[in-house]
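All remarks here apply to the structure that follows.
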Amino acid sequence: MISILNKYKNPILIITILFFVGSLGFVGAGVFMEEYGPNAAIAKVDGESIKYKDFLRNFDLLSQEARNQEDFDENSEKALRQQVLQSMITQLSLAQAAQRFGIGVSDLEIGYTIKSAPVFNVGGGFNKDAYIWVVRNQFHMNPAEYEAQLKREKLASKFQNALILAAKVTPQEEKLLKEETDKALAKEKKGKKTSKKEKESAEAALSLAAVQLKAQDLLAAYSDKINADNKIRIFKKD
């Protein structure tokens with residue numbers, strides 16, 4: 001999956017596969033999308049639809065490289081479909097959460113992102129014709145759809161960042177982290193002196209890991225809440 005994401009690392013190309021996606025459990029293991037009409041909803045998050053055509057576009061982008069792998073079989077395709085739908089549900093859910101908490105994305109931000117994207121620049125500057133052509137022929141959507149997706153992506157990212165900022169390490173936790181770092185370094189160094197730089201680096205790494213775990217816990221709690229509220233529905237074709 002990482003190699004696939006590296007290929008499409010530009011946020012213009014695909015939805016963001018969110019950092020916290022593994023901590024959510026919206027999509028059951030048995031979910032497998034069949035053929036729908038292009039505008040049919042395959043899922044709804046708090047009443048907002050995820051259309052089959054949008055799911056299919058994202059799946060096709062991610063599956064292009066996966067299909068070249070020898071071990072990519074029917075089960076792999078099902079798993080990838082679930083991952084793509086999972087990430088779309090996660091992104092939409094986080095974007096909605098951002099809006100509920102008063103987090104927004106301005107038209108100026110969207111415009112700057114588009115105009116600064118290399119793929120839309122021809123001859124050293126932004127080219128509107130190139131923008132329209134790429135969006136229609138490579139991303140298979142119109143500019144309005146692309147800009148709406150970009151807005152969701154940015155909203156979700158901002159909410160993620162807000163969770164990370166909220167997941168601060170307390171002074172008590174910081175003290176424990178330093179003690180654990182000292183123990184780990186003493187064991188690794190086997191009595192040799194630890195430099196100040198090595199100690200600071202180890203403490204920073206352990207502190208970052210602690211913040212990430214706390215942020216994951218916060219998002220998992222949010223996941224439990226919206227699941228309990230029955231705000232997510234996944235549709236299967238009859």
Side-chain angles (χ1 to χ4, degrees), residues 1-96 117 119 133-142 145-157 159-160 216 219-220 222-224 226-227 230-238:
M1 177 63 70
I2 294 299
S3 61
I4 296 173
L5 295 181
N6 284 337
K7 181 176 180 182
Y8 296 108
K9 59 186 177 182
N10 191 319
I12 294 168
L13 293 175
I14 58 169
I15 57 172
T16 302
I17 304 303
L18 297 171
F19 174 75
F20 294 117
V21 67
S23 69
L24 298 177
F26 299 138
V27 181
V31 174
F32 179 76
M33 282 64 65
E34 301 176 42
E35 290 297 326
Y36 291 77
N39 290 311
I42 61 171
K44 284 191 176 182
V45 181
D46 200 14
E48 189 172 349
S49 296
I50 293 176
K51 294 181 179 180
Y52 177 69
K53 67 176 183 180
D54 297 327
F55 158 79
L56 190 62
R57 178 180 60 247
N58 291 319
F59 172 76
D60 286 344
L61 283 170
L62 285 173
S63 66
Q64 286 175 12
E65 184 173 311
R67 291 182 185 282
N68 294 326
Q69 300 175 7
E70 292 183 3
D71 59 348
F72 188 79
D73 54 17
E74 183 178 344
N75 290 330
S76 301
E77 181 175 321
K78 287 182 180 180
L80 184 58
R81 282 174 175 264
Q82 288 174 232
Q83 290 170 15
V84 171
L85 181 58
Q86 172 77 74
S87 69
M88 294 181 74
I89 290 173
T90 302
Q91 185 181 78
L92 181 53
S93 175
L94 296 183
Q96 291 173 344
V119 71
W133 189 93
V134 170
V135 166
R136 290 188 181 279
N137 293 281
Q138 292 188 19
F139 307 154
H140 307 298
M141 47 180 129
N142 60 47
E145 290 172 330
Y146 168 68
E147 289 161 21
Q149 176 175 294
L150 187 58
K151 183 176 181 179
R152 283 194 300 272
E153 183 179 308
K154 286 185 172 293
L155 283 169
S157 178
F159 187 69
Q160 268 191 141
Q216 284 181 326
L219 190 60
Y222 172 73
S223 166
D224 291 340
I226 59 177
N227 278 328
N230 296 314
K231 291 183 178 180
I232 293 177
R233 296 179 62 198
I234 298 173
F235 303 102
K236 289 186 177 182
K237 185 181 177 183
D238 295 330

Out of curiosity, [X] [atom1] to [Y] [atom2], how far, rounded to the nearest 0.5 Å?
X	Y	atom1	atom2	answer
Lys51	Glu145	NZ	CD	7.0 Å
Gln96	Asp46	CD	CG	5.0 Å
Gln83	Thr90	CD	OG1	11.5 Å
Ile42	Leu85	CD1	CG	4.5 Å

(message) Testing the basics here: between Gln149 and Asn58, what is the closest heavy-atom pair and its distance to 0.1 Å?
(response) OE1-OD1, 4.4 Å
(message) I'd like to check Val84 versus Arg81 (side-chain heavy atoms, cut-off strictly below 4.5 Å). Are they in contact?
(response) no
(message) Test of understanding: with side chain to side chain donor-acceptor pair (under 3.5 Å), list the residues that count as partners of Ser49, not counting sequence neighbours.
(response) none
(request) Apply side chain to side chain donor-acceptor pair (under 3.5 Å) to Asn142 and list each qualifying residue two or more places apart in sequence or on a separate chain. (result)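 Scan of Asn142 (side chain to side chain donor-acceptor pair (under 3.5 Å), adjacent residues dropped) gives none.
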(request) Just say parallel, tilted or perpendicular for the rings of Phe59 and Phe55, cut-offs at 30° and 60°. (result) parallel
(request) Please identify each residue that fulfils salt bridge (Lys or Arg N to Asp or Glu O under 4.0 Å) with Glu147, with sequence neighbours left out. (result) none
(request) Please name all residues satisfying salt bridge (Lys or Arg N to Asp or Glu O under 4.0 Å) with Arg57, sequence neighbours left out, ordered by chain then number. (result) Asp54
(message) The criterion is side chain to side chain contact (heavy atoms under 4.5 Å, CB included); which residues satisfy it with Lys151, sequence neighbours excluded?
(response) Val105, Ile110, Leu155
